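Remember, predicted model here, so these are calculated numbers, not experimental data. Order of the sequence lines sets the chain letters (A, B, ...), proteins ahead of strands, with each chain counted from 1.
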Amino acid sequence: MTLDRFINKSRKPKMDRDLEKKPIASTQIQEELLEDSIREQPKIEEKRIDEIPIEAEDGIYMLVSANYSSSDNKPYLLFYDIKNHRIIKWMDVTDHHPYAYSKEPIESLESLPLIVERMNKQQILGLRTEEKIDPLSDKKIQVTKIIVRDPLIIGGRADSLREQIKLWEADIKYYVNYIMDLGLEVGSYYFFDPQGLPRRYIFQPSKEIRKAMEKLSDEERKWLERLAEPVVDFKRIALDIEVYNPRGVMPQPDNPEHPIFIISLCSSDGLKKVLVYDLRGDISNEGIKNDKFDVEVFKNEIELIKRALDIIREYPILITFNGDTFDLPYILTRSAKLGFKEVRDFIERGRNEIRITWGIHIDLYKFFKNVSIKTYAFSGAYDIISLDSIARALINKGKMETPGHFDEMSIQEIIEYGFTDAELTLELTQFNNNLVMRLITIIARISNMTIDDVTRLSVSNWIRNRMFYLHRNKNYLIPRSDEIREKKWGRHFQPVTKGKKYVGALVIDPKPGVHFNVIVVDFASLYPSILKEYNISYETVNCPHDECKTNLVPETTTWICTKKKGLISEFAGIIRDIRVNVFKKLSKDKNVSRDNREFYGVIQRALKVIINALYGVIGADTFQFYYLPAAEAVTAYGRYVIKKAIEKAGELGLEVIYGDTDSLFIKDPDMDKLELLIEDIKKEYRLQLEIDKIYKYAVLSSRKKNYFGLTSEGIIDIKGLMGKKSNTPPFIRNVFYEILDKLRTVEDIEQFKMVRKDIIEIIRDAETKLINKEVPLEELVITITLSKYTDQYTKTTPQHVKAARKLEKAFGIRLQPGHMIKIVKTRNNDGVAPIELVRSVDQIDSKKYIELLHSTLEQILEVLDIKVNKGKKVVMIDERKVSLDKFFKF
DNA sequence: AACTGTGGCTTGCTTG
DNA sequence: CAAGCAAGCCACAGTT
């Protein structure tokens with residue numbers, strides 16, 4: 001099988017490099033050799049094309065990925081051909097080589113036996129002095145660039161250079177360096193000049209983007225231009241395999257003893273196909289006909305796999321759900337076992353991923369598992385990372401219900417089941433006008449990271465990657481994380497909570513009760529704004545200049561640089577500004593076409609993911625530019641400005657009844673005074689306060705982070721209350737929501753009184769059902785995540801762990817961290833059991849559930865003067881308490 | 001020796 | 001990332 005579509009645009013080097021044959025005697029010669037090979041990086045030029053529709057242009061490619069080829073000993077780039085919808089592999093023609101930096105001068109490096117030995121072995125190609133700026137000392141320094149033959153000489157092996165001498169920039173993946181050195185931007189478009197070098201091709205921005213650009217700085221304009229470029233509708237195919245495994249045995253890629261018997265395929269250009277290996281020889285053509293997709297039957301497993309490869313090779317992008325850990329490795333190992341060795345020409349194992357040789361493989365499982373994607377891009381719409389749960393949440397479709405094992409299903413059912421998986425996988429990349437593919441591309445543009453990495457790595461890696469580039473642009477030597485940590489810390493506060501590293505946000509004590517007409521104002525993206533406005537970055541906090549030491553962060557001994565703009569601060573500023581000032585506005589602008597509006601919405605969302613994570617990563621020790629004093633400075637300013645805002649509100653006669661981190665709840669304010677407050681904060685602190693929402697009424701409990709309210713749009717907004725939490729039983733949660741639903745209609749006291757009777761009725765009814773054991777088991781399930789292996793709970797044994805251990809014992813299995821345990825409160829010795837082991841409702845501990853019902857409802861009822869009598873099984877109104885009337889005296 | 005009450009601590013989930 | 005909540009575990013002290 002040949003891959004004729006696989007165009008390799010690289011040119012053969014003119015001659016076999018002399019450099020690699022002769023031993024290198026002195027740096028003098030190396031200098032000369034390096035002169036033409038490394039020093040001259042190509043300058044990538046730009047070309048502007050006016051208003052050309054994206055599909056029409058020939059020879060235009062989007063840079064989507066890169067890697068290092070150890071067989072060619074060269075880096076390569078992968079481009080998506082937007083006309084012919086295939087991937088072009090472009091091998092380096094610039095004689096670029098891997099490198100890292102040392103702070104030792106050339107002479108002392110040359111006297112090191114290690115270096116001499118590696119030079120003689122041709123592993124080190126050359127040493128060169130360069131001038132860089134050290135961001136930590138803010139001084140120009142001389143560093144030695146060590147240029148090597150292949151990336152493993154720098155790092156990745158036990159005897160690599162970085163394990164033996166102190167190096168800088170030695171943990172940047174080689175292809176990342178390569179992209180940066182060539183000045184390339186992932187997700188942007190290129191064409192190839194006559195020399196075969198990629199040149200930037202810039203689409204003419206839309207009218208509204210051009211208009212927005214007028215007011216911006218050059219740097220911001222570049223960002224805008226890059227982000228707003230159209231995203232091609234990638235041609236892609238989703239794949240899903242079924243393995244015929246005996247009951248109770250999970251197929252393992254490391255031991256592929258069971259046959260692959262179904263391969264389902266579903267593509268963006270309408271291919272719908274299920275390939276079946278007739279392993280029992282009993283499939284009739286009649287029985288498998290289906291009007292939704294084609295079916296092909298094979299008498300041989302290898303033929304099945306080969307056919308699948310033939311089809312998917314027509315697609316530049318392969319989409320899977322768990323393809324990195326299951327489908328593709330299984331195809332690999334199973335093929336090898338069956339003697340189909342050529343499979344390695346198409347599917348390759350990477351370090352943490354599986355690659356396809358003709359294109360890009362995206363494993364959606366990893367992408368949707370990404371915490372930032374889950375919480376910020378999709379607002380936590382799905383909770384379990386499974387195809388079924390994600391598809392249900394995002395496209396309102398689930399997997400097929402099955403009896404549990406293939407033996408109990410007809411072949412038609414199995415085929416349909418398999419196809420549904422492939423179909424859902426594809427649809428997850430298609431809904432909302434290809435939202436997911438666009439999101440991935442935009443994040444690649446923001447982070448300048450390859451599509452493969454964007455879909456597999458976390459937000460701190462995305463940010464780190466862009467930070468590298470920002471350092472390079474300023475000729476900064478990228479600091480090692482240990483250097484940043486060794487900087488002065490000078491911390492003065494003990495965190496409030498044990499186990500935390502620094503002090504966080506301020507939460508104001510709520511004023512309990514029912515409050516009418518509450519306006520919530522909040523600081524528009526407070527932490528990013530603080531990062532920007534107060535110049536916070538790892539190098540500017542506690543900077544080396546004496547003259548900055550008086551620029552103190554309020555209530556700390558930390559100071560901030562007044563001479564140089566910090567990199568993180570600058571990045572936060574740009575991302576925040578273009579999000580707020582451009583994309584958020586345009587995504588709501590009625591004068592913009594619907595398509596564009598939607599696209600700007602995606603960009604806005606991607607920027608939000610990054611901006612929300614920025615502060616967090618500074619305080620996370622897994623981040624290369626982690627620096628606690630910087631994270632602490634952010635929260636210190638945050639506490640400072642919210643205190644000042646409350647102070648000012650008080651002076652103006654506004655009543656603040658609650659606030660959390662960046663928000664203030666103001667009761668029935670005079671709008672002119674509110675306006676004054678906002679103006680004052682803007683003037684004084686360069687931060688924007690804005691009206692977030694208005695509650696017709698807000699019900700605050702005495703607990704922080706626990707309240708609900710009826711918004712001006714007529715929606716009941718619930719925060720923190722137990723009834724909302726995922727680990728309350730559905731039965732209790734439903735009662736909770738039923739009560740809140742009653743409250744939705746309330747506008748005055750009479751209605752409140754009427755509703756109160758209804759509420760008590762609801763609760764009594766619920767109690768009766770519990771006592772009479774009329775509630776089905778599933779309604780009483782409490783779902784709790786197992787966050788460790790059961791044997792790793794050493795300090796205490798929580799209830800869900802007890803239940804989990806029973807499950808493990810009963811089924812002889814080992815539950816994985818992240819598994820959701822479904823427990824039920826029972827009347828046995830330790831009060832819990834996994835629902836799987838409970839036969840009937842009789843085993844339920846009704847008393848426990850009534851207690852749980854009461855404590856859940858108490859949070860809302862205490863404020864409404866409905867008393868729950870603990871112990872007793874009845875609810876009563878505490879008539880002695882003042883009635884609701886007090887809330888209406890205004 | 002069995003029971004009850006208390007407080008520190010762990011765990012999981014949510015808010016911002 | 002920290003703050004904050006509820007539930008439950010667990011050791012300990014003080015009854016009965």
Subject >> Between C:dC5 (C1') and A:M722 (CE): distance, integer Å >> reply: 9 Å
**OP:** Indicate, with a heavy-atom threshold strictly under 4.0 Å, whether A:T797 touches base, sugar-phosphate, or nothing.
**Re:** sugar-phosphate
**OP:** Just call it for A:K795: base, sugar-phosphate, or nothing, with non-hydrogen atoms closer than 4.0 Å on any strand.
**Re:** sugar-phosphate
**OP:** Mind checking A:K704 for me? I need base, sugar-phosphate or nothing, with any heavy atom below 4.0 Å counting as a touch.
**Re:** sugar-phosphate
**OP:** Check the distance between C:dC1's C1' and A:Y626's OH and give it to me in whole angstrom.
**Re:** 11 Å
**OP:** Tell me whether the OP1 or OP2 atom of C:dA3 has a side-chain N or O from A:T661 closer than 4.0 Å.
**Re:** no
Subject >> Geometric cation-pi criterion A:K374 and A:F368, 6.0 Å radius, 45° cone >> reply: no
Subject >> Mutual orientation of the aromatic rings belonging to A:Y707 and A:Y695 [parallel < 30°, tilted 30-60°, perpendicular > 60°] >> reply: perpendicular
**OP:** Could you check which of B:dT11, B:dG12, C:dA3 has an atom nearest any side-chain atom of A:K725?
**Re:** B:dG12
Original post:
Tell me: CG of A:L531 to P of C:dC1, nearest whole Å?
Top reply: 16 Å
Subject >> Nearest-neighbour nucleotide for the A:K848 side chain, B:dT10, C:dG8, C:dA6 considered >> reply: C:dG8
Subject >> Candidate list A:L614, A:I446, A:I575, test side chain to side chain contact (heavy atoms under 4.5 Å, CB included), partner A:I463, passing option >> reply: A:L614
**OP:** Name the nucleic acid region contacted by A:I718, choosing base, sugar-phosphate or nothing; use a 4.0 angstrom heavy-atom cut-off, strictly under.
**Re:** sugar-phosphate
Subject >> Row check, A:Y789 ring normal vs A:R814 NZ/CZ: under 6.0 Å, within 45° >> reply: yes
Subject >> Per A:K500 side chain, nearest of listed nucleotides B:dC13, C:dC9, C:dA2 >> reply: C:dA2
**OP:** Considering just the side-chain nitrogens and oxygens of A:K724, establish if one lies under 4.0 Å of OP1 or OP2 belonging to B:dT15.
**Re:** yes
**OP:** Report yes if a side-chain nitrogen or oxygen of A:K788 is closer than 4.0 Å to either non-bridging phosphate oxygen (OP1 or OP2) of B:dT11; otherwise report no.
**Re:** yes
Original post:
Which part of the nucleic acid, if any, lies within reach of A:A505 when heavy atoms closer than 4.0 Å are counted: base, sugar-phosphate only, or nothing?
Top reply: sugar-phosphate
Original post:
Sub-3.5 Å donor-acceptor pair from the side chain of A:S846 to the main-chain atoms of A:L770, do we have one?
Top reply: yes
Subject >> Between P of C:dC1 and CZ of A:R639, the distance in whole Å >> reply: 17 Å
Original post:
Where the side chain of A:A620 is concerned, which of C:dC5, C:dC1, C:dA3 is the nearest nucleotide?
Top reply: C:dC1
**OP:** With heavy atoms under 4.0 Å as the rule, sort A:Y793 into base, sugar-phosphate or nothing.
**Re:** sugar-phosphate
Subject >> Under 4.0 angstrom between A:Q799 side-chain N/O and B:dG12 OP1 or OP2 >> reply: no
Original post:
When all nucleic acid strands are considered with a 4.0 Å heavy-atom cut-off, which category describes A:Y707: base, sugar-phosphate, or nothing?
Top reply: sugar-phosphate
Original post:
Distance check: side-chain N/O of A:K825 vs OP1/OP2 of C:dA7, anything under 4.0 Å?
Top reply: no
Subject >> Residue met sooner reading DNA chain C from 5', once A:D621 and A:I508 are mapped to nucleotides >> reply: A:D621
Original post:
When you check the phosphate oxygens OP1 and OP2 of B:dT11, does a side-chain N or O of A:S787 lie under 4.0 Å from one of them?
Top reply: no
**OP:** Tell me what A:T635 touches on the nucleic acid: a base, only sugar-phosphate, or nothing, going by heavy atoms under 4.0 Å.
**Re:** nothing
